[in-house]
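Excluded from the calculations below are hydrogen atoms, water molecules and symmetry mates; all remaining heavy atoms, backbone and side chain alike, are included. In this text, all values refer to a predicted model and were calculated from it rather than measured experimentally.
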Amino acid sequence: MKWGYCYLSPGVSFVRCPQIFSVISITKKIPITPKSYWYSSSTFSDSMNYPNSEVLHAKLIKNGCVGIRGNHLLNLYAKSQNLEQAHKMFEEIPQTDVFSWTVLISGFARIGLSADVLGLFTKMQDQGVCPNQFTLSIVLKSCSSNVNDSRIGKGIHGWILRNGLDLDAVLNNSILDYYVKCRCFGYAEKLFGLMAEKDTVSWNIMMSSYLQIGDMQKSVDLFRQLPGKDAASWNTMIDGLMRNGCERVALELLYKMVAAGPAFNKLTFSIALVLASSLSVLGLGKQIHTQVLKVGVLDDGFVRNSLIDMYCKCGEMEKASVIFKHLPQESSMMNSEDVVSACASAGVLELGRQVHGYIQKIGHGLDVFLGSSIIDMYVKCGSLNDAWLIFNQAKDRNVVLWTSMISGCALHGQGREAVRLFELMINEGITPNEVSFVGVLTACSHAGLLEEGCKYFRLMREVYGIRPGAEHFTCMVDLYGRAGRLNEIKEFIHNNAISKLSSVWRSFLSSCRVHKNIEMGIWVCKKLLELEPFDAGPYILFSSICATEHRWEEAAKIRSLMQQRGVKKNPSQSWIQLKNQVHSFVMGDRSHPQDTKIYSYLDELIGRLKEIGYSTDVTPVMQDVEQEQRQVLLGYHSEKLAIAYGIISTAPGTPIRVMKNLRVCIDCHNFIKYASELLGREIIIRDIHRFHHFKHGHCSCADYW
């Protein structure tokens, strides 16, 4: 690849202006007809029609001034999203210029109609009108929303280089952002290195790209080099670290941001609250809440959603409820999805039901988006039956609603039901999106449907033209891992060039643990630690693999390396909601008011379970200690304490729902299976990956998680 020339992609050629976009003809020409505009505009409500614009239009026609004021009126129509009138206005302008075309193109781009944008751009070239920097920025942004064919964006970039167009910061960043979203990271790195002028947006795009592929080191290095860090730069890093499982590092960075002085914006407050909730640091959350009130940003939906989520996850249900109930009715109607989403994230079913009831009480109808949010809430709170009820009552079902139910079935281990729904959705003419495929691939993974999973992965790429993302690849690795095809995972990673995705290596390592392939586990762990040296997960998982085979020296080495690098494991935490109050537990927790009763019952229960075949599986204990001591360490894991409290606090036969922030260990999984059999109760556990439904001594995950 030569950056001084336009030869950016094999088999793609270019011609000089004005036909700069003949590459579209080579790749995919999108015809634009008046009919396509009418269909596009029909999606907008009458409330988007601005009568003042139409009155002005009539006056201009009457006075014969359309030619003079046409572009101004076109701009008004485009900004009001009245694209039908905008197109009519465009046709009435005697001599359209680059400004006219750019205004019309921006109108379609503003609402995400990328196919129409590219079609208009082609037509613009056919009529001999050359674009300016602003036009190209708009078109590149539209290309970014549909990254299945990267040749179009490369074609635009090639023409820019070939014709010597001035690359201002906005256009440069548009090209950079396009390459990142197309996952053409090599192109992005070279372009970034060649940029004479870089603003904070340029740096943020590159930092975000490294965070996207899990390359923590490069993102941190770039952040350190960034000369002027604004709030957006800090937000990018803190949010990215958090998404990659480095919450503790993100927290340190948040404190540094406070010391450095950039004022928090609304997004910063939202990210900080999510961080506080993920670490269950109530004190920090309350401090942020105080600042939110001082600055006056509580009216922002994202901030309020994050605040409610934080209080829910920290067990402060009353405060979460107060924030919601004190909103004006018109505000709570508009932001119901935010509150429902917060309940889903925290997994608090009773509050979720209260919010659902309140929505019904105020007469707020369930459109497809709010309906999808409520389905998602019931799914993530462990009540799949309630989710089915909402789904079956829905009159209009779009892809979002279908996908919510498909993903819900997958999350609860009903893989074949999720596949059935997916096929039914396609048969009804609904086109699946990338999230739909994440749902069905997850379902295949959880149910061990290897052949079906491979079929849907091919279908996604070859029929629907969807470029696989990290979640799709991770599902496939998990699918191969469940089948024990570890060598095929290596080939899959190599063939798809995804060795920089930490999530696939994490799944690979988990498969090595399940199939007790120690040597391959060592190799995978080294790969993962190269990508995520500050994430506790790989250290813990690899140490567990070593402990399984009694390789205590290697386990000790990995723990020592973890300490040297200052990596800290997030404490395991489980919580259960009873009577509108959340009770949270950590391992060996003695802070609960009924701790004596909880521990006494748990000891008694373990004794009864041993009588019917349960024995403590000590492999999760990484230390080389005596058998009896290891059993004690395992006996009081957080989920066991939460389950014990749930049992002594509810009537016999009542289902027990417990949420956990980490993966359920092997011993706890066995313990819960035996408990469900002995007590005749359904016990539902949501861990970091999925739901486990324990009933009559069996789990919905079929002992693979």
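A donor-acceptor contact shorter than 3.5 Å is absent between the side chain of Arg559 and the backbone of Ser543. A donor-acceptor contact shorter than 3.5 Å links the side chain of Ser407 to the backbone of Thr403. The closest donor-acceptor contact from the side chain of Ser560 to the backbone of Ala556 lies at 3.5 Å or more, if one exists at all. A donor-acceptor pair under 3.5 Å is formed between the side chain of His472 and the backbone N or O of Gly469. Distance alone, capped at 3.5 Å, is enough to place a donor-acceptor pair between the Arg686 side chain and the Lys380 backbone. Arg663 places no side-chain N or O within donor-acceptor distance of the main-chain N or O of His689, the cut-off being under 3.5 Å. Between the side chain of Asp478 and the backbone N or O of Ser507, no donor-acceptor pair lies under 3.5 Å.
Identified under the ring pair (Phe, Tyr, Trp, His ring centres under 6.0 Å) test for residues 224-260, with sequence neighbours left out: Phe223-Trp234. Sorted by first and then second residue, the pairs that involve residues 265-279 and meet side-chain hydrogen bond (donor to acceptor under 3.5 Å, both in side chains), not counting sequence neighbours, are Asn235-Asn265, Asn235-Thr268, Asn265-Thr268, Ser270-Ser306, Ser277-Asp309.
Using a 3.5 Å distance cut-off with no hydrogens or angles, the side chains of Ser638 and Ser572 do pair a donor with an acceptor. Side chain to side chain, His157 and Tyr187 fail the donor-acceptor criterion of an N or O pair below 3.5 Å. If you check the side chains of Gln217 and Asp221, you find a donor sitting under 3.5 Å from an acceptor. The closest side-chain donor-acceptor pair between Asn244 and Asp535, if any, does not fall under 3.5 angstrom. Side-chain N/O atoms of Asp199 and Ser202 include a donor and acceptor closer than 3.5 Å.
For Tyr456, the ring-ring contact (aromatic ring centres under 6.0 Å, His included) test picks out Phe422, with sequence neighbours left out. Evaluation of the ring-ring contact (aromatic ring centres under 6.0 Å, His included) rule for Phe185 yields no partner, not counting sequence neighbours. Applying the ring-ring contact (aromatic ring centres under 6.0 Å, His included) criterion to His412, with sequence neighbours excluded, gives Phe691, His693.
Screening Leu307, Val303, Val274 for a side chain to side chain contact (heavy atoms under 4.5 Å, CB included) with Phe269, the sole residue that qualifies is Val303.
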| message | Go through it in stages, so that I can follow the logic: the residues are Asp376 and Ser373, the test is side-chain hydrogen bond (donor to acceptor under 3.5 Å, both in side chains), and I'd like the CA-CA distance, side-chain angles, deciding distance and then a yes or no. | response | CA-CA 5 Å; Asp376 185 61; Ser373 297; over 6 Å; no
Which atom pairs, one a donor and one an acceptor, fall under 3.5 Å between side chains of residues 524-534 and the rest of the protein, sequence neighbours left out?
{"from": "Glu532", "atom 1": "OE1", "to": "Arg506", "atom 2": "NH2", "distance (Å)": "2.8"}
{"from": "Glu532", "atom 1": "OE2", "to": "Ser502", "atom 2": "OG", "distance (Å)": "2.6"}
{"from": "Glu532", "atom 1": "OE2", "to": "Arg506", "atom 2": "NH2", "distance (Å)": "2.8"}

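Within a 6.0 Å radius of CD in Glu189, other residues, nucleotides and ligands contribute more than 12 heavy atoms. The environment of Lys500 atom NZ is sparse: at most 12 non-hydrogen atoms of other residues, nucleotides or ligands sit within 6.0 angstrom.
Put simply, CD1 on Ile672 and NE2 on His692 are 8.0 Å apart, with the number rounded to the nearest 0.5 Å. Rounding to the nearest 0.5 angstrom, the gap separating the CG atom in Leu241 from the OG1 atom in Thr236 is 10.5 Å.
One finds a salt bridge joining Asp239 and Arg243 here, because a Lys/Arg side-chain nitrogen approaches an Asp/Glu carboxylate oxygen to under 4.0 Å.
Using cut-offs of 30° and 60° on the angle between ring planes, the pair Trp523 and Phe508 is perpendicular.
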